[in-house]
**Q** 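Dumping the structure here so I can ask a few things about it.
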Amino acid sequence: QTIVEELAASPQRKYFMVSGKGGVGKTSLSASLGVKLAMEGHRVLVVSTDPAHSLGDSLDQDISGGKPVPLEGTDLEIWGMEIDIEAAKKEFQ
């Protein structure tokens, strides 16, 4: 059993956080893990706090605006969202 299969088989686990230094593949891993989990029947929201908004590029869709956006071109239950950090900071000032 691969680690992704193990993660997908766990109904208790609700959140996965991917972190690391710049350029190590966090966005690619997050996007592909999200798609795989959705393919396994999970409802998935992939969220990025990266100001570069590269998650939208990886998913080939505009997911900016700070609200979940259903991914186009699939029947999977998967949404993407890029958080606007500046707007989020203003909420807490």
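All figures in this text were calculated on a predicted structure; none of them were measured in a lab.
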**Q** Over all heavy atoms of both residues, which pair between Glu82 and Gly56 is shortest? Give the atoms and the distance, please.
**A**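 Closest approach of Glu82 to Gly56, heavy atoms only: OE2-N, 2.7 Å.
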**Q** Mind checking side chain to side chain contact (heavy atoms under 4.5 Å, CB included) for Ser28 and listing every partner two or more places apart, or none if nothing turns up?
**A**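 With neighbours one apart ignored, the set is empty.
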**Q** With heavy-atom distances below 4.5 Å as the criterion, would you say the side chains of Thr27 and Leu29 are in contact?
**A**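 Side-chain contact under 4.5 Å: no.
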**Q** For Leu45, give me all partners under side chain to side chain contact (heavy atoms under 4.5 Å, CB included), at least two apart in sequence or on another chain.
**A** Val47, Pro68, Trp79, Met81
**Q** Kindly give the heavy-atom pair with the smallest separation between Lys26 and Gly23, and that separation in Å.
**A**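 Shortest heavy-atom contact: NZ-N, 4.2 Å.
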**Q** Do Glu72 and Thr74 have side chains that approach each other closer than 4.5 Å (heavy atoms only, starting at C-beta)?
**A** no
**Q** What's the separation between atom CE in Met17 and atom OG in Ser30, rounded to the nearest 0.5 Å?
**A** 10.0 Å
**Q** Linking Ile, Leu, Val, Met, Phe, Trp and Tyr through side-chain heavy atoms less than 4.5 Å apart, which residues share a cluster with Phe92?
**A** none
**Q** Using 0.5 Å steps for rounding, measure from the CD atom of Glu91 to the CD atom of Glu86.
**A** 12.5 Å
**Q** Nearest 0.5 angstrom please: Ile63 CD1 to Ile83 CD1, how far?
**A** 10.5 Å
**Q** Ignoring hydrogens and angles, state whether a donor on the side chain of Asp62 or Ser64 is under 3.5 Å from an acceptor on the partner side chain.
**A** yes
**Q** I need the Glu77 CD to Leu71 CG distance, nearest 0.5 Å.
**A**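 Here the interatomic distance stands at 12.0 Å.
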**Q** Nearest 0.5 angstrom please: Thr2 OG1 to Glu5 CD, how far?
**A** 3.5 Å
**Q** Under the criterion side chain to side chain contact (heavy atoms under 4.5 Å, CB included), which of Ile78, Val35, Leu76 is the partner of Val44?
**A**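 Among Ile78, Val35, Leu76, the one that satisfies the side chain to side chain contact (heavy atoms under 4.5 Å, CB included) with Val44 is Ile78.
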**Q** Within the 4.5 Å heavy-atom criterion, are Leu55 and Asp50 side-chain neighbours or not?
**A**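 No, their side chains stay 4.5 Å or more apart.
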**Q** Given the rule that I, L, V, M, F, W and Y join up when any side-chain heavy atoms are under 4.5 Å apart, are Val24 and Val18 in one cluster?
**A**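 Val24 does not cluster with Val18.
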**Q** Using modelled atom types only, decide if a donor and an acceptor are shared between the side chain of Lys90 and the backbone of Ile85 within a distance under 3.5 Å.
**A**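 Here the side-chain-to-backbone pair does not exist.
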